Amino acid sequence: MILEQARSRNSNMAVTGYLHWEDGTFHQWVEGPEAELRIVEKCINESRSHYGQTILSRDTATIRQFPGWHMALGVSEKNSLFDFVATQSVGTLDRTEYAAGVLAFMRVQSETTLPF
């Protein structure tokens with residue numbers, strides 16, 4: 001239900017992104033116009049189902065990483081972010097390096113899935 005709500009809201013606000021669930025942890029990449037991203041962040045922060053968030057990156061980009069995706073979904077049963085991080089030697093202590101690794105994983109996963 002949360003995914004469907006996010007997809008509906010995001011499509012109306014020109015927001016795109018990717019959501020990955022693994023071992024009880026969600027990693028989410030959200031991109032779009034700054035004002036709309038503030039609204040999305042407010043919705044996440046006010047939601048009872050979201051808690052313990054850590055923002056890994058908050059950057060401005062000229063191109064989207066997930067064009068056409070209102071919110072892609074990945075789950076660990078098919079592909080493991082944690083295995084990717086280990087095999088690609090992605091650092092987990094530095095937030096910037098870890099965020100880049102998470103994004104690289106999500107991009108690889110999104111290339112084999114049709115947009116939604």
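Heavy atoms only: backbone and side chains are in, while hydrogens, waters and symmetry mates are out. Given the structure is predicted, the values throughout are model-derived calculations rather than measurements.
Shown here for Tyr18 and Ala72, the closest heavy-atom pair between the two residues is CD1-CB, 3.2 Å. Summarising the geometry of His50 relative to Ile44, their closest heavy-atom pair is CB-O, 3.3 Å, with the distance given to 0.1 Å. Nearest approach of Pro33 to Met13, heavy atoms of both residues: CD-O, 4.0 Å. Closest non-hydrogen pair, Asp59 versus Ser57, comes out as OD2-OG, 2.8 Å.
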Q | Derivation and outcome, side-chain contact (heavy atoms from CB on, under 4.5 Å), residues Val15 and Arg9 | A | CA-CA 8 Å; Val15 171; Arg9 180 194 61 231; over 6 Å; no

(Q) What verdict does the side-chain contact (heavy atoms from CB on, under 4.5 Å) test give for Leu37 and Arg58, after you've listed the backbone C-alpha separation in whole Å, the side-chain angles of each residue and the deciding distance to 0.1 Å? (A) CA-CA 10 Å; Leu37 290 177; Arg58 184 181 268 125; over 6 Å; no

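Atom CG of residue Asp94 and atom CG of residue Leu56 lie 10.0 Å apart, to the nearest 0.5 angstrom. Rounding to the nearest 0.5 Å places CZ of Phe66 at 6.0 Å from CE of Met106. Between the CG atom in Leu73 and the CH2 atom in Trp21 there is a gap of 10.5 Å [rounded to 0.5 Å]. Distance check, rounded to the nearest 0.5 Å: OH of Tyr98 to OG1 of Thr92 gives 7.5 Å. With values rounded to the nearest 0.5 angstrom, Phe105 atom CZ is found 11.0 Å from Gln88 atom CD. Expressed to the nearest 0.5 Å, how far CG of Leu19 lies from CE of Met71 amounts to 6.0 Å.
Salt bridge absent: Glu41 and Arg38 never bring a charged side-chain N and a carboxylate O closer than 4.0 Å.
By the 6.0 Å contact criterion, CD on Glu111 is enclosed, its count of non-hydrogen atoms from other residues, nucleotides or ligands being greater than 12.
Residues Asn79 and Glu22 fail the side-chain proximity criterion, which asks for heavy atoms closer than 4.5 Å. Side-chain contact between Leu81 and Gln109 is absent, with no heavy-atom pair separated by less than 4.5 Å.
Test Glu31, His70, Gln65 against Thr16 for side-chain hydrogen bond (donor to acceptor under 3.5 Å, both in side chains) and you get one pass: Glu31.
Side-chain atoms of Ser110 come within 3.5 Å of backbone atoms of Arg107 as a donor-acceptor pair (strictly under, hydrogens ignored).
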